[in-house]
Amino acid sequence: MIVYSIFLVGNMRKINISGNWKLNKTASETKELLAELTAAVAGATKTEIVVCPTFVSLTTARDALQSSNVKLGAQNLFWEESGAFTGEISGTQLKNVGCEYVIIGHSERRQYFNETDATVNKRLKAALNAGLLPIVCVGETLEERESENTFTVIENQISGAFAGISAAAMAKITIAYEPVWAIGTGKTASPAQAEEVHAFIRNKIANLFNQQISENIIIQYGGSVKPSNAFELLSQPNIDGALVGGASLDAESFAGIVHAAEKIEG
Ligand code: PEP
């Protein structure tokens with residue numbers, strides 16, 4: 001495999017640890033979990049911490065996060081602002097209930113809800129228009145990795161997602177590299193496997209935009225991240241954070257990942 005590398009003159013990127021709660025936790029459970037979590041990470045000063053509960057728990061979460069160092073995000077949004085789109089939620093509505101971040105193009109949305117690179121692109125533009133900070137997910141399936149198509153898949157997802165996005169807008173975007181075979185499976189990409197793809201993504205962003213955007217963009221890793229593997233993953237030069245599923249549902253585990261991030265030099 002080709003190894004892509006970028007030489008960074010000092011890494012100024014702030015580590016971002018985001019929790020994707022998926023379809024878990026009622027509003028009252030959200031309140032309990034956030035009470036525990038905010039206490040456990042109160043001392044964290046170097047890490048951007050984000051939680052993304054379900055839509056119906058967002059206002060509860062917003063209230064629970066007041067005066068904490070934990071930011072609020074959503075798991076999806078629709079690209080239209082308003083109208084006859086039963087069941088959908090707009091970027092403005094998310095912003096209005098206190099969301100700063102929104103996850104876009106998670107592999108589960110691609111797998112179960114027909115999300116494509118084209119719909120990811122529409123949602124991304126809507127999120128940016130609403131003033132949200134998008135976390136755009138990319139990643140290959142096991143079959144794509146085994147057939148040595150990882151880089152082609154990632155390249156297509158990146159070009160599709162960021163078509164028509166300005167360099168200025170790119171500064172607001174986080175990318176999450178989440179190999180589909182590592183999500184919720186307990187299988188983590190090795191730090192070297194993850195780093196190889198992260199470096200490839202950063203190189204691709206430099207080609208599509210410019211060196212400065214590429215050096216500053218946060219690229220999270222996602223796929224069975226837990227306290228025991230977080231430090232090694234986050235120590236890689238091009239891994240700037242984690243998008244965490246299962247381990248974000250437990251305050252101690254998620255806080256353990258944040259504490260690992262706090263130990264990273266830089
Ligand atoms: C995710 O859902 O984005 C994810 C990475 O899940 P898990 O951490 O459970 O693998």
Side-chain angles (χ1 to χ4, degrees), residues 15-25 29-30 33 37 41 47-55 57 61 70-77 99 101-113 115 120 123-124 127 132-142 144-145 150 153-154 157-158 161 173-191 193-195 197-198 201 218-234 236 238-261:
I15 293 183
N16 180 316
I17 305 294
S18 298
N20 172 15
W21 290 11
K22 312 190 185 190
L23 180 49
N24 292 294
K25 305 289 176 192
E29 289 166 345
T30 296
L33 174 52
L37 178 67
V41 300
T47 309
E48 181 85 342
I49 310 165
V50 184
V51 290
C52 303
T54 63
F55 288 136
S57 293
V70 181
K71 310 266 174 70
L72 185 62
Q75 299 172 20
N76 186 28
L77 83 166
C99 287
Y101 285 85
V102 61
I103 299 170
I104 299 177
H106 190 278
S107 64
E108 286 150 16
R109 300 235 32 110
R110 294 177 191 257
Q111 188 180 350
Y112 303 124
F113 303 100
E115 191 83 68
V120 167
R123 290 182 211 278
L124 176 57
L132 292 161
L133 301 172
I135 299 175
V136 177
C137 302
V138 297
E140 81 288 359
T141 62
L142 186 58
E144 288 162 344
R145 174 161 281 265
T150 298
V153 169
I154 302 293
Q157 289 175 339
I158 296 272
I173 294 172
T174 296
I175 298 174
Y177 167 57
E178 299 206 302
V180 180
W181 49 272
I183 296 180
T185 58
K187 285 185 199 158
T188 316
S190 69
Q193 278 175 320
E195 169 62 18
V197 180
H198 279 238
I201 293 171
I218 304 291
I219 310 177
Q220 297 172 318
Y221 169 76
S224 301
V225 177
K226 36 189 188 275
S228 58
N229 60 22
F231 183 79
E232 212 190 333
L233 284 160
L234 295 170
Q236 302 302 309
N238 287 292
I239 301 185
D240 315 312
L243 183 54
V244 184
S248 71
L249 297 171
D250 177 77
E252 201 182 318
S253 296
F254 193 59
I257 295 169
V258 171
H259 294 145

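First listed ligand is number 1; within each ligand, the first listed atom is number 1. For this chain, numbers begin at 1 and follow the sequence in order.
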Fill in: Set of salt bridge (charged side-chain N to carboxylate O under 4.0 Å, His left out) partners for K22, sequence neighbours left out
E108

Worksheet item: Who pairs with E48 by salt bridge (charged side-chain N to carboxylate O under 4.0 Å, His left out), at least two apart in sequence or on another chain?
Response: K14, K71

Worksheet item: Where is the tightest heavy-atom contact between I135 and Q220, given as atom of each residue plus distance?
Response: CG2-OE1, 3.3 Å

Discussion item. Strictly distance-based, threshold 3.5 Å: is any side-chain N or O of N16 a donor or acceptor partner for the main-chain N or O of V50?
Written reply: no

Worksheet item: When you check the side-chain N and O atoms of E178 and S107, is any donor under 3.5 Å from an acceptor?
Response: no

Item to complete: Give the protein residues with at least one non-hydrogen atom closer than 4.0 Å to an atom of ligand 1, ordered by chain and number.
Response: N20, K22, H106, E178, A182, I183, G184, G222, G223, S224, L243, V244, G245, G246

Worksheet entry | All side-chain contact (heavy atoms from CB on, under 4.5 Å) counterparts of E252, not counting sequence neighbours | D250

